[in-house]
Amino acid sequence: MTTKGKVTGITSNLVTIEVDGPVAQNEICLIDLEGVKLMAEVIKVTGKNAFVQVYESTRGLKTGDKAEFQGYMLEATLGPGILSSNYDGLQNNLSTMKGVFLERGEYTSPLDTEKQWDFTPIAKEGDIVSAADWLGEVKEGWLPHKIMVPFSFKGKYTVKSVASAGQYRINDTIAVVTDDSGDDHNITMVQKWPVKVAITAYKEKPRPYRVMETGVRIIDTLNPIAEGGTGFIPGPFGCGKTVLQHAIAKQGEADVIIMAACGERANEVVEIFTEFPELVDPRTGRKLMERTTIICNTSNMPVAAREASVYTAMTIGEYYRAMGLKVLLLADSTSRWAQALREMSNRMEELPGADAFPVDLPAIISNFYARAGIVTLNNGKTGSVTFIGTVSPAGGNLKEPVTESTKKAARCFYALSQNRADRKRYPAVDPIDSYSKYLEYPEIIEYLQKRVESGWVDKVNKAKNIIKQGKESFEQINILGDDGVPMEYHERYWKSELIDFIILQQDAFDDIDASTPMERQEFMLTKVLEICDRKFDFDGFEECNAYFKEIINIMRQMNYSEFNSDKFKGYLEQLNNKINQQ
Ligand code: ADP
Ligand code: MG
């Protein structure tokens, strides 16, 4: 028996329903508006009143309208065909939609139920399996897509049969398993999972212990992100958020890319749909879209759907992680999601926290970030979800609650600076404010000492120190004038400029400079530090300026030349001559 109810109050998308039985937090309910079923989610229950947020416009809804509670939570449909599809927050397939917008109450199937997939069995009769164990595999594009025991299965099962290799549709039975009371269960290629619940069918989730390289020097060299790690990019408009996210998506060491676009302005969403599908996958030379899924809110959907979209994206990420794949999840922007939470909380007249955001905003954000991670699967293989969200702080104020809460949850902080963007110093990541907490993890330090070289992290810290000292010197020079400070100040300033121009600044639109492999990053940082280590004896600051400008010019040419090519070696020779002159 499902619980029924009737509408007693409506405040925009917040609807109060008097219920005649039990309802659960986050349960889905359908409200009948003259035959059209509006989907809604329970966000609060007090006594006989359920407060639900409706995922559609509530125009025309009246008190007395009937609602029916469904007994399940907002779910994602998981199966082959997700990649290269575009969804809205409720996983309506935007690619198969007829018009630009769905009619109210219209929901499309997330997956193609007619498509034939080439299935290969992995498990065999008699195997003992449990949730998330691999039964077979289909090829989704060029990626192996595992068909698993549904995550909701509890305990152990014995495999009774597995389909033989061949063509199957997603709803065909590809395996039968028997539970310990002797009951059989048919397994297809699709399963459902409530998006707000983390998928935890794995053996363990250790702290991240290796780095996800991105080819972006200011990340890899100075503030590395761990595979299965978390990071966030607060970025005012025009500071390079999109360019940086695209660079990470294209170059990051990931198998699957999930892009959650919870933009508010229509142009932000259009931007993703026009630009992202055009990106070329450097690994295959084909479209990056083949291993990407975009979850985005169309602008006709109410704020509540923004919340759904980040959870749907995370759930899809966890699904691919369970297949032993490396997933990169990008969300742009999580501020819009927080604003949706704020609107709902205000409508319910809850006691507000800072800036009228809900009191539990920090907990909501940190619980979400905590779903990222690298995991060891039951079969000993690993899978990961690395999560990077952008935040658009109002007026660039990094002290606002969403930025502050995210700072507590995310381990990497890539602050885009208006000042650097204005000076065309791209990527405009502020080298002083930004950080990676992974550089303090013994596992990561050890990993980097092996991956790059022993003493690497010391070098990184040294470079950061030089940047800080350079900034202080720059301020002194500005106050006291070129002649008013000792020579060391100029030298310190130029050493930090050298690191800025050669390591930090990187041209995302240059074929060679756009992506720097780790070996090359090591070489360049080592070379730059070698110069910074030198004691100079300049005759006045003009000489110092001229000397460093020339060195910077040569090294920039190196950045634009293929690593270790004759051209590169030519510049290196020039550089060494120049260094030895002084
Ligand atoms: P946002 O998404 O934050 O509004 P964009 O990512 O669209 O900003 O960047 C704005 C502009 O800044 C780009 O069109 C480009 O001209 C420049 N830009 C940003 N990052 C880089 C980069 N790494 N290399 C070169 N140009 C960049
Ligand atoms: Mg943008």
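All ligand and atom numbering here is 1-based and tracks the order in the structure. Just so we're clear, the structure is a prediction, and the values are computed from it rather than from any experiment.
- Ligand-side atoms of ligand 1 in range of Pro236: 3 (O), range being under 4.0 angstrom from any heavy atom.
- Protein heavy atom nearest atom 24 (N) of ligand 1, with residue, atom name and distance: Ala508 N, 3.1 Å.
- With respect to atom 2 (O) of ligand 1, the closest heavy atom belonging to the protein is Thr242 OG1, 2.6 Å.
- By the definition of a contact as any protein heavy atom under 4.0 Å away, atom 14 (O) of ligand 1 is not in contact.
- A salt bridge is absent between Glu472 and Lys468; no separation between the charged side-chain nitrogens and carboxylate oxygens falls under 4.0 Å.
- Between the choices Gly240, Gly238, Ala421, the shortest heavy-atom distance to atom 4 (O) of ligand 1 belongs to Gly238.
- Atoms CD and CG, from Gln506 and Asn559 in turn, are 7.5 Å apart once rounded to the nearest 0.5 Å.
- Looking at atom 3 (O) of ligand 1, its nearest protein heavy atom turns out to be Lys241 N, 2.8 Å.
- Every N/O-N/O distance between Leu244 and ligand 1 stays at or above 3.5 Å.
- A salt bridge between Glu550 and Lys578 is present, with a side-chain N of the basic residue lying under 4.0 Å from a carboxylate O of the acidic one.
- On a distance-only criterion, Val243 and ligand 1 share at least one N/O pair closer than 3.5 Å.
- Ranking the protein heavy atoms by distance from atom 22 (C) of ligand 1 puts Tyr426 CB, 3.3 Å first.
- Across every non-hydrogen atom of Glu307 and Lys196, the tightest pair is OE2-NZ, 3.2 Å.
- Residues Arg420 and Tyr426 are not in side-chain contact: their nearest non-hydrogen atoms beyond the backbone lie 4.5 Å or more apart.
- Relative to the ring axis of Phe232, Lys407 does not place its NZ or CZ within 45° and under 6.0 Å from the centre.
- Of all the atoms in ligand 1, the ones that sit under 4.0 Å from a non-hydrogen atom of Phe509 are 15 (C), 25 (C), 26 (N), 27 (C).
- A salt bridge between Lys437 and Glu440 is absent, with no side-chain N of the basic residue lying under 4.0 Å from a carboxylate O of the acidic one.
- A cation-pi arrangement is absent between Arg411 and Tyr438, since the terminal nitrogen or guanidinium carbon is not both under 6.0 Å from the aromatic centre and inside a 45° cone about the axis.
- With ligand atoms numbered from 1 in the order given, ligand 1 contributes 22 (C), 23 (N), 24 (N) to contacts under 4.0 Å with heavy atoms of Gln506.
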